[in-house]
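Working notes, beginning with the structure itself.
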2 protein chains.
Amino acid sequence: MPSGMTQSPEPTSPPATPTSTDVARLAGVSRATVSYVLNAQAAGRVSTRTQDRVRAAAEELGYVPHAAARTLRAGHSGLVLLTTPATPIPRIGALFGDFLMELQGALHQLGYTSVWHGPVAGAGEQAARAWAELRPAAVLALPGTGLTPSAVELLKRSGTRAVLTLGMQPVAGAHALLLDQEMLGARAGTHLLERGRRRIGVIMPTESGLDLFSVPRLAGVRAAATLETGTHVEPLTLDCTEESAAELAARWPRLGLDSLFAYNDEYAMLVMRAFQDAGLAIPGDLAIVGADDLLLARLLRPRLTSVHFDTIPTARIVGLVDRAIREPETAPETHQLTRVVVAARDSG
Amino acid sequence: MPSGMTQSPEPTSPPATPTSTDVARLAGVSRATVSYVLNAQAAGRVSTRTQDRVRAAAEELGYVPHAAARTLRAGHSGLVLLTTPATPIPRIGALFGDFLMELQGALHQLGYTSVWHGPVAGAGEQAARAWAELRPAAVLALPGTGLTPSAVELLKRSGTRAVLTLGMQPVAGAHALLLDQEMLGARAGTHLLERGRRRIGVIMPTESGLDLFSVPRLAGVRAAATLETGTHVEPLTLDCTEESAAELAARWPRLGLDSLFAYNDEYAMLVMRAFQDAGLAIPGDLAIVGADDLLLARLLRPRLTSVHFDTIPTARIVGLVDRAIREPETAPETHQLTRVVVAARDSG
DNA sequence: CCCGTCGCATGACACGTGTAACTATATGTG
DNA sequence: CACATATAGTTACACGTGTCATGCGACGGG
């Protein structure tokens with residue numbers, strides 16, 4: 001007993017974490033009364049004087065209820081789990097980070113404790129096992145989480161009331177919140193075609209995890225191109241380095257392209273710099289379109305045309321989460337979260 | 001019972017989440033045996049044949065242990081809690097995000113479940129209460145969390161074995177992992193002074209939460225300036241907008257300064273653009289130094305001089321966390337996490 | 001005086017798990 | 001044969017909480 005106090009008069013002095021039993025003893029009531037009072041179920045059951053005594057005792061002891069015990073008794077926890085992608089992680093843009101923060105705040109206001117689970121070893125069902133141990137009320141799988149139908153099944157069997165995915169395509173059994181990357185690519189393609197460009201290069205980053213986004217974006221550009229005759233779409237892999245960008249710039253004349261969809265604004269900046277250093281004119285020799293519409297886009301010269309998602313409607317999401325938790329039997333729903341708009345500027 | 005199946009032959013058919021009791025029944029053994037087997041405590045206690053039977057039964061039922069029950073019984077959870085800043089959040093840079101991801105991975109390998117707790121309503125002791133409910137093994141408070149000594153006290157009283165802060169200054173009772181922002185500012189100042197600059201402007205962003213970083217950085221520049229005679233340091237508040245930057249550029253000639261520490265690379269880009277649009281030469285009319293040393297810095301023209309932290313030593317941190325959990329009685333330690341280096345380029 | 005009612009508080013159980021203590025059956029050992 | 005010893009399990013309890021059913025005293029109506 002490494003207590004700091006030298007003289008402890010009571011022989012039984014465990015400075016352990018106080019439980020509701022300790023509160024009850026100090027207040028001179030039963031544990032049941034404490035529970036009723038502290039959970040605001042005391043109306044008409046406990047006299048106000050007793051309520052005050054209980055609250056004072058809890059305060060004095062610094063009582064904090066034990067979430068595990070409460071969860072065990074209740075059969076469910078108020079936890080909403082956000083999962084981390086198994087792959088090293090697609091770089092989470094500033095917009096997406098803000099969105100997550102807002103989402104968590106809204107969930108908190110509804111009484112849920114939202115928690116972002118760290119990365120786990122396995123994928124699919126094995127990862128789901130780790131999440132299921134916490135018996136969360138809901139699991140919201142972020143894009144890049146390898147959520148399989150069998151993982152959804154496992155989660156539901158262990159009592160998870162709602163499983164939702166935030167991502168590009170639905171997963172069987174789970175509610176789907178869709179981020180339509182294909183539409184984003186389509187808008188970029190349409191924009192370039194409307195400006196008379198016909199041979200579009202599309203940057204495909206090699207960064208692990210980003211293919212989740214880049215592949216459907218490319219598909220979107222292709223889809224847009226089929227609506228116009230005499231078009232060509234060329235995927236161009238690119239490392240996130242100056243060297244790779246310079247190499248692309250050197251190779252550009254031989255490619256016979258007239259425009260570029262650069263995956264996002266940061267990659268757009270990278271290649272734009274390389275092209276300019278190589279003596280190519282923008283938008284004269286080639287048009288460039290980015291994505292995300294960061295402040296960055298307006299700071300470049302020429303100013304960068306960029307396509308981005310409208311702000312994600314947090315309220316609708318937490319509404320769905322709440323409803324899904326309350327009525328777990330409702331059939332999985334699919335929601336398109338975003339509308340895509342192009343901010344046209346000088347680069348193409 | 002809103003079950004979809006119409007005919008349920010067994011009268012007692014709770015498709016509820018299976019417990020270890022169910023596994024025991026299916027395997028034809030006692031619950032204790034199941035526990036021993038599934039926790040790898042079966043050596044010399046349970047025959048291999050029985051072990052196989054138990055594991056098969058668990059697999060068949062899709063058994064997932066109940067973390068709450070386990071926590072309750074064990075008296076502690078293997079949770080390591082990362083806290084979210086109460087303030088809207090200092091924009092988490094890409095570097096810091098990568099660091100957190102790496103940290104969580106390393107903790108996972110040591111058997112801890114790391115979890116990033118969402119934002120909570122109150123601050124200080126009230127927030128600590130919310131964290132304490134989960135009875136985490138350790139709490140790692142990220143920069144911007146308003147962790148007070150009394151909050152540390154409360155956490156420890158409710159059984160948290162280790163409380164650590166990642167931030168600018170130590171908190172009484174908690175281990176401190178220091179990110180020396182002041183040194184970062186000092187290096188920036190020294191660099192400019194060495195190049196003959198004497199009148200240094202320092203960008204102070206108005207974004208909420210960033211003052212946590214900007215104030216000590218300013219102090220660092222000031223400290224460096226006192227080592228040289230005839231110097232002047234001028235703080236300059238700036239919104240993260242083009243207008244604010246343009247306004248600063250217009251005002252610049254009247255300020256009588258010859259150099260600028262721009263808080264970080266992104267702000268540096270913002271003001272550099274405004275200065276160039278206003279016809280000022282860099283580094284001729286003024287030198288600019290950024291921070292973080294992003295790829296961005298090498299893409300700007302002139303290339304941006306930037307000061308940044310060496311990579312944060314994840315291994316040392318998880319080592320400390322692990323040790324602090326195992327030996328909670330060890331006195332709080334203070335660790336400087338980072339060394340600061342200047343990447344000198346063309347902007348100043 | 002008895003019975004129903006109301007206000008206030010309590011006893012007791014269940015949630016699912018880990019583990020110390022114990023039992024029962026075989027295996028040597030003197 | 002008696003006795004230690006290993007093997008293969010089981011029984012029983014504790015962790016901290018929420019809540020149903022119950023108890024107890026007082027009050028009012030018949």
Side-chain angles (χ1 to χ4, degrees), chain A residues 14 16-55 57-58 61-78 129 132-135 137 157-159, chain B residues 14 16-54 57-58 61-79 111 132-135 137 157-159:
Chain A
T17 90
T19 74
S20 68
T21 307
D22 299 319
V23 177
R25 181 161 35 226
L26 181 58
V29 297
S30 79
R31 216 178 44 65
T33 302
V34 171
S35 179
Y36 284 126
V37 171
L38 263 37
N39 293 301
Q41 309 273 26
R45 289 181 150 290
V46 183
S47 71
T48 35
R49 197 198 329 282
T50 314
Q51 291 192 33
D52 291 344
R53 275 218 316 281
V54 169
R55 271 188 268 268
L61 292 178
Y63 169 67
V64 175
H66 196 308
R70 179 176 289 182
T71 295
L72 183 56
R73 161 66 212 203
H76 63 91
S77 76
R129 201 174 300 273
E133 288 194 6
L134 295 175
R135 296 292 192 274
R157 256 212 324 270
S158 15
Chain B
T17 89
T19 74
S20 68
T21 306
D22 298 321
V23 176
R25 182 160 37 226
L26 180 58
V29 297
S30 80
R31 215 179 42 67
T33 302
V34 172
S35 180
Y36 284 125
V37 171
L38 263 37
N39 293 302
Q41 309 274 27
R45 290 181 149 290
V46 183
S47 71
T48 35
R49 195 197 333 280
T50 313
Q51 291 191 35
D52 291 344
R53 274 218 318 280
V54 169
L61 292 176
Y63 169 68
V64 175
H66 196 309
R70 180 177 289 183
T71 295
L72 183 56
R73 160 67 212 202
H76 63 90
S77 75
L79 239 48
E133 288 194 6
L134 295 175
R135 297 293 192 273
R157 257 212 324 271
S158 15

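Labels below follow one simple rule: chain letters A, B, ... track the order of the sequence lines, proteins then strands, and each chain is numbered from 1.
- Rounded to a whole Å, the CG atom of A:D52 is 12 Å from the P atom of C:dA9.
- Here B:S20 lies in heavy-atom contact (under 4.0 Å) with sugar-phosphate atoms only.
- Picking from C:dT19, D:dT17, C:dG18 the nucleotide with the shortest atom distance to the side chain of B:R31 gives C:dG18.
- Computed from coordinates, the B:L72 CG to D:dC13 P distance equals 17 Å when rounded to whole Å.
- Close to C:dG16, at under 4.0 Å from its OP1 or OP2, lies no side-chain N or O of B:T21.
- A straight line from NE2 of B:H66 to C1' of D:dG16 spans 13 Å, rounded to a whole angstrom.
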**Item:** side chain to side chain contact (heavy atoms under 4.5 Å, CB included) between A:T71 and B:H66, intermediate numbers included
**Value:** CA-CA 10 Å; A:T71 295; B:H66 196 309; 4.0 Å; yes

**Request:** Evaluate the side chain to side chain contact (heavy atoms under 4.5 Å, CB included) criterion for residues B:R70 and B:N39: first the C-alpha distance (whole Å), next the side-chain angles of each, then the deciding distance (0.1 Å), finally the verdict.
**Result:** CA-CA 11 Å; B:R70 180 177 289 183; B:N39 293 302; 3.8 Å; yes

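- Protein atom CG of B:N39 is 10 Å distant from nucleotide atom P of C:dT17, rounded to whole Å.
- Between C:dC13, C:dT19, C:dT17, one nucleotide has an atom nearer to the side chain of A:R73 than all others, and that is C:dC13.
- Proximity note for A:Y63 (side chain, C-beta onward) versus C:dG16, D:dT10, D:dT17: the nearest is D:dT17.
- Base contact: B:A32 has a heavy atom under 4.0 Å from a base atom.
- Here CG of A:L134 is found 6.5 Å from CG of B:L79. Values are rounded to the nearest 0.5 Å.
- With values rounded to the nearest 0.5 angstrom, A:R55 atom CZ is found 7.5 Å from A:L38 atom CG.
- Taken to the nearest 0.5 Å, the CG atom of A:L61 stands 9.5 Å off from the CZ atom of A:R25.
- With DNA chain D read from its 5' end, the first of the two nearest nucleotides for B:S47 and B:A74 is the one closest to B:S47.
- Atom pair A:Q51:CD and C:dC8:P shows a separation of 10 Å (rounding to whole Å applied).
- Between A:Q41 atom CD and C:dG7 atom C1' the separation is 18 Å, expressed in whole Å.
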Are any protein N/O atoms closer than 3.5 Å to N/O atoms in nucleotides 21-27 of chain D? If there are, list each pair with its distance.
none

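- B:P18 and B:G62 get closest at one heavy-atom pair: CG-O, 4.0 Å.
- If one axis is set at each end of the helix from C:dC1-D:dG30 to C:dG30-D:dC1 from five pairs, those axes are 70° apart, to 10°.
- When rounded to the nearest whole Å, the span between CZ of A:R53 and P of C:dA9 equals 7 Å.
- Residue A:T33 has a polar side-chain atom (N or O) positioned under 4.0 Å from OP1 or OP2 of C:dT10.
- Between the side chain of B:R135 and the backbone N or O of B:S77, no donor-acceptor pair lies under 3.5 Å.
- Side-chain N or O atoms of A:D22 include one that pairs as donor or acceptor with a backbone N or O of A:T19 at under 3.5 Å.
- Counting any heavy atom pair closer than 4.0 Å across all strands shown, B:S35 reaches a base atom.
- At D:dG16, none of the side-chain N or O atoms of A:T19 fall inside 4.0 Å of OP1 or OP2 (strictly under the cut-off).
- For B:R70, taking side-chain heavy atoms from C-beta onward, the closest of the listed nucleotides C:dG18, D:dG18, C:dG16 is C:dG18.
- Protein atom CZ of B:R25 is 12 Å distant from nucleotide atom P of C:dT17, rounded to whole Å.
- With hydrogens and angles disregarded, no donor-acceptor distance shorter than 3.5 Å links the side chain of A:S20 to the backbone of A:R31.
- Side-chain contact between B:V64 and A:R157 is absent, with no heavy-atom pair separated by less than 4.5 Å.
- Residue A:T50 is classed as a sugar-phosphate contact, given heavy-atom separations below 4.0 Å to backbone atoms only.
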